[in-house]
Amino acid sequence: QVQLVESGGGLVQPGGSLRLSCAASGSFFSIYAMAWYRQAPGKQRDLVAVITSGGSTNYADSVKGRFTISRDNAKNTVYLQMNSLKPEDTAVYYCNAENPHEIATMMGMPYDYWGQGTQVTVSS
């Protein structure tokens, strides 16, 4: 029902910046909580940042003060601005959309959706 497509990943030097984008299909983007996760090889997928339908944000301690999540509901897009990048930020970054539980249950829909991921490599 919902497709998520990430873009903006790439290779950047330590201290540099990248801006990731996640474009969502469908007509109900504004009701989804959106999140960015990341997964390094051999590691679990970790939550990086969340933005609710109301615009409230939360960040993992490891990225707080460096990363900013935002959304543009008119464009069905969520962004992750990443500044002061460190080698330990290297990972595949995934976009996630959370369907409100009540709606998902009533409509027989998935509770969340995942993008395909985009590689971010921080190296000199």
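Remember, it's a predicted structure, so these values are computed and weren't measured experimentally. The basis for the numbers below is simple: all heavy atoms, side chains too, and nothing from hydrogens, waters or symmetry mates.
- Between Tyr94 and Trp114, the ring-plane angle classifies as perpendicular under the 30° and 60° cut-offs.
- Here the CG-NZ distance, from Asp61 to Lys64, works out to 4.5 Å after rounding to the nearest 0.5 Å.
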Quiz item: side-chain contact (heavy atoms from CB on, under 4.5 Å) between Ile103 and Ile31: does it pass, once the steps are laid out?
Solution: CA-CA 10 Å; Ile103 295 175; Ile31 72 173; 3.7 Å; yes
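- Within the 3.5 Å criterion, the main-chain N or O of Asp112 finds no donor-acceptor partner in the side chain of Glu98.
- The shortest heavy-atom contact between Leu47 and Ala60 is O-CB, 3.5 Å.
- Gln119 has its side chain out of reach of Tyr93: every pair of non-hydrogen atoms, C-beta onward, lies at least 4.5 Å apart.
- Ile69 is not listed as a side-chain neighbour of Val50, based on a closest heavy-atom distance of 4.5 Å or more.
- Looking at heavy atoms from C-beta onward, Asn73 lies in side-chain contact with Phe29 at the 4.5 angstrom threshold.
- Each of Met107 and Tyr111 belongs to its own hydrophobic cluster when Ile, Leu, Val, Met, Phe, Trp and Tyr are linked at side-chain heavy-atom distances under 4.5 angstrom.
- If you check the side chains of Gln44 and Gln39, you find no donor sitting under 3.5 Å from an acceptor.
- Put simply, the side chain of Met82 reaches to within 4.5 Å of the side chain of Phe67, judged on heavy atoms.
- For residues 30-56, the pairs satisfying salt bridge (Lys or Arg N to Asp or Glu O under 4.0 Å) are Arg38-Asp89, with sequence neighbours left out.
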Kindly list each side-chain donor-acceptor pair under 3.5 angstrom involving residues 15-26, sequence neighbours excluded, with atom names and distances?
from  : atom 1 : to    : atom 2 : distance (Å)
Ser17 : OG     : Asn83 : OD1    : 2.9
Ser25 : OG     : Gln3  : N      : 2.8

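- With values rounded to the nearest 0.5 angstrom, Ser56 atom OG is found 8.0 Å from Ile51 atom CD1.
- The closest donor-acceptor contact from the side chain of Thr105 to the backbone of Glu102 lies at 3.5 Å or more, if one exists at all.
- One hydrophobic cluster, built from ILVMFWY side chains closer than 4.5 Å, holds both Met34 and Val120.
- Here the rule is side-chain contact (heavy atoms from CB on, under 4.5 Å) with Leu11, and of Val122, Thr121, Thr90 only Thr121 fits it.
- Cation-pi geometry between Arg66 and Tyr59 is not met: the NZ or CZ atom fails to fall both under 6.0 Å from the ring centre and inside 45° of the normal.
- Shown here are the side chain to side chain contact (heavy atoms under 4.5 Å, CB included) partners of Asp72, two or more places apart in sequence or in another chain: Ala74, Lys75, Tyr79.
- Side-chain contact between Trp36 and Cys95 is present, with at least one heavy-atom pair separated by less than 4.5 Å.
- No side-chain heavy atom of Lys86 sits less than 4.5 Å from a side-chain heavy atom of Pro14.
- Across all non-hydrogen atoms, the minimal contact from Ser30 to Ser53 is O-CB, 3.2 Å.
- Hydrophobic clustering, with ILVMFWY side chains joined whenever heavy atoms are under 4.5 angstrom apart, keeps Val63 apart from Tyr37.
- Here Arg71 contributes atom CZ and Leu80 contributes atom CG; the two are 14.0 Å apart, rounded to the nearest 0.5 Å.
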